*Asks:* 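Below: one structure in structure tokens.
What you see is a predicted model; the values in this text were computed from it and never measured. Below, read A as the first sequence line, B as the second, and so on, with proteins coming before strands; counting in each chain starts at 1.
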Protein chains: 2
Amino acid sequence: MSKQGWGQGSGDQPPNQRAAKRRAVLEAGARLFNDQGYEQTSLEEIAAALSITKRTIYYYVDSKEDILFGCHQLGLEFLGETMQQAQDETLPVLDRVQLLIRGYCAWVSGDLGATIAMVREHSLSPERQAELRESKGRVDHQLRALIAQGIEEGVLRPCDPRLVTAAIFGALNWIPHWNRVASPVPQEEIAEQYLSLMMQGLMPDSQQA
Amino acid sequence: MSKQGWGQGSGDQPPNQRAAKRRAVLEAGARLFNDQGYEQTSLEEIAAALSITKRTIYYYVDSKEDILFGCHQLGLEFLGETMQQAQDETLPVLDRVQLLIRGYCAWVSGDLGATIAMVREHSLSPERQAELRESKGRVDHQLRALIAQGIEEGVLRPCDPRLVTAAIFGALNWIPHWNRVASPVPQEEIAEQYLSLMMQGLMPDSQQA
DNA sequence: CGGTAATTACACTCATGAGTTACATCATTC
DNA sequence: GAATGATGTAACTCATGAGTGTAATTACCG
């Protein structure tokens, strides 16, 4: 019946306990949403997963939708780091593409990242849907731009960057749909296989690695 | 207020009206499920889409779950035709792979096919979930086997058929997630781009088409 | 025309789950 | 040891939507 002890992932002191616990709620929510779907998950279940009361959850979030949106926000925050790295213009384009794909693969393999691939947007308010689409659009756009640049530079073969990007993110987004099992394929292994498929699929006939 | 006229896609005569109308219900359901999600779609909405009463829907199906499952069954029936074609052992392996991918792309671009990619399984009974997974497994297995064979024959480079298959179906399954818009990219165009990406990604350095 | 199949109208039951109310309790810290 | 923050208890409201019951109505077929 101990009352504390469900919120600290890193050793934060009391002032940040609140944030840590809110985050614990989001992560528990993400896990359940991914496993059972958003609509099929009740707040009682999230509470139970944390050995907490529904009432307590409302002490940290305003609504169920809040949890879902929080998952997305927090998740996209993490993805931001990967996007930053791939932004580095001193690196060769191909490296940047690989960086982005590898990072996205790792990201979508986690609970928060997977939420974007597993939960449809319909459950959010229109404004929040729009905000999300905005963010997703930025990631999409970054890969598209990289591929377009690669084509210009001649290190990638001519193709439609929009469709190729869709194919790549499709493959990546689908990972949590089949790999959330008892003994999942290690995320790094997936990344390697996907990368060799996609990189070779993108390069011109000349310069095969 | 005319009472007929919502069920005939092909010119079937009265004896098959029942089947045709049941199918109309399934297809209307599929469309709405794909657009708004299964849980977010009420039977009243499906009825409204057909200018029908909820009560009438229950004249053709037993439950909401029945509709969803019916979509899957009917959809998989269509996919079966594609799978048959790709079964033809007199064809070169690469052709069979292409046949399968092209067919799947067309299939997943339709309402019934898209349902598998858009609606999570949780809403079905465990038995039906199992049955579905069975069917999906067969498709998956077919592509895996083809790729494995291609590797053996040396027309494909060595790789993990399981992961490559996951990547390909992931890319394809994601199509309805972004292409269900006012003016979608023609399904054939997608297939071409995806095929050149994947085929080139799969072939050994030697024999580039 | 008469009978049967299809469809409507519509009121109803029932379960579920989000979010709330009001209060009690424990913990912490000054 | 009182004030404040955090959590529990438990009953409650409320909307939604699946599925049903029943009787009336319309279309169709022989």
*Asks:* Whole angstroms only, please: what is the CZ-C1' distance between A:Arg18 and D:dT4?
*Replies:* 14 Å

*Asks:* Quick one: list whatever passes side chain to side chain donor-acceptor pair (under 3.5 Å) with B:Thr56, sequence neighbours left out.
*Replies:* none

*Asks:* So, using ring-ring contact (aromatic ring centres under 6.0 Å, His included) as the criterion, who are the partners of A:Phe169 when residues are at least two apart?
*Replies:* A:Tyr104

*Asks:* Starting from the 5' end of DNA chain C, give me the residue, B:Thr56 or A:Glu65, whose nearest nucleotide shows up first.
*Replies:* B:Thr56

*Asks:* Just how large is the angle between the end axes of the helix from C:dC1-D:dG30 to C:dC30-D:dG1, five pairs per end, to 10 degrees?
*Replies:* 20°

*Asks:* Considering only nitrogen or oxygen atoms on both sides, find all protein atoms under 3.5 Å from nucleotides 15-18 of chain D and state each distance.
*Replies:*
unit_1	atom_1	unit_2	atom_2	d
D:dA18	OP1	B:Thr41	O	3.3
D:dA18	OP1	B:Lys64	NZ	3.1
D:dA18	OP2	B:Leu43	N	3.1

*Asks:* By side chain to side chain donor-acceptor pair (under 3.5 Å), which residues pair with B:Gln193, not counting sequence neighbours?
*Replies:* none

*Asks:* Sequence neighbours left out, what passes side chain to side chain donor-acceptor pair (under 3.5 Å) with B:Asp35? Give chain and number order.
*Replies:* B:Arg180

*Asks:* Tell me: CD1 of A:Ile57 to P of C:dA18, nearest whole Å?
*Replies:* 10 Å

*Asks:* Can a donor-acceptor pair be found, under 3.5 Å and without considering hydrogens, that links the side chain of A:Gln200 to the backbone of B:Met203?
*Replies:* yes

*Asks:* Run the salt-bridge test on B:Arg128 and B:Glu121 with the 4.0 Å N-O cut-off and return the result as yes or no.
*Replies:* no

*Asks:* Looking at residues at least two apart in the chain, or sitting in another chain, which of them share a salt bridge (charged side-chain N to carboxylate O under 4.0 Å, His left out) with B:Asp140?
*Replies:* B:Arg144

*Asks:* What is the distance, to the nearest angstrom, from the CD1 atom on A:Ile52 to the P atom on D:dA6?
*Replies:* 13 Å

*Asks:* Measure the distance from CG on A:Asp62 to C1' on C:dG19 and round it to the nearest whole Å.
*Replies:* 11 Å

*Asks:* What is the separation between atom OH on B:Tyr59 and atom P on D:dT20, rounded to the nearest whole Å?
*Replies:* 16 Å

*Asks:* Expressed in angstrom and rounded to an integer, what is the separation of A:Gln17 atom CD from D:dG5 atom P?
*Replies:* 15 Å

*Asks:* Tell me which pairs pass side-chain hydrogen bond (donor to acceptor under 3.5 Å, both in side chains) where either residue lies in residues 181-192 of chain B, with sequence neighbours left out.
*Replies:* B:Arg102-B:Glu192

*Asks:* Return no unless some side-chain N or O of B:Tyr60 is found under 4.0 Å from OP1 or OP2 of C:dA6.
*Replies:* no

*Asks:* Within the structure, does a side-chain N or O atom of B:Thr53 lie under 4.0 Å from either OP1 or OP2 of C:dT8?
*Replies:* yes

*Asks:* Suppose the criterion is ring pair (Phe, Tyr, Trp, His ring centres under 6.0 Å): which pairs have a residue in residues 46-78 of chain B, not counting sequence neighbours?
*Replies:* B:Trp6-B:Tyr60

*Asks:* Could you check how far CG of B:Leu50 sits from P of C:dA6, rounded to whole Å?
*Replies:* 17 Å

*Asks:* Please tell me which of the listed nucleotides, D:dT7, C:dT21, D:dT22, lies nearest to the side chain of A:Arg55?
*Replies:* C:dT21

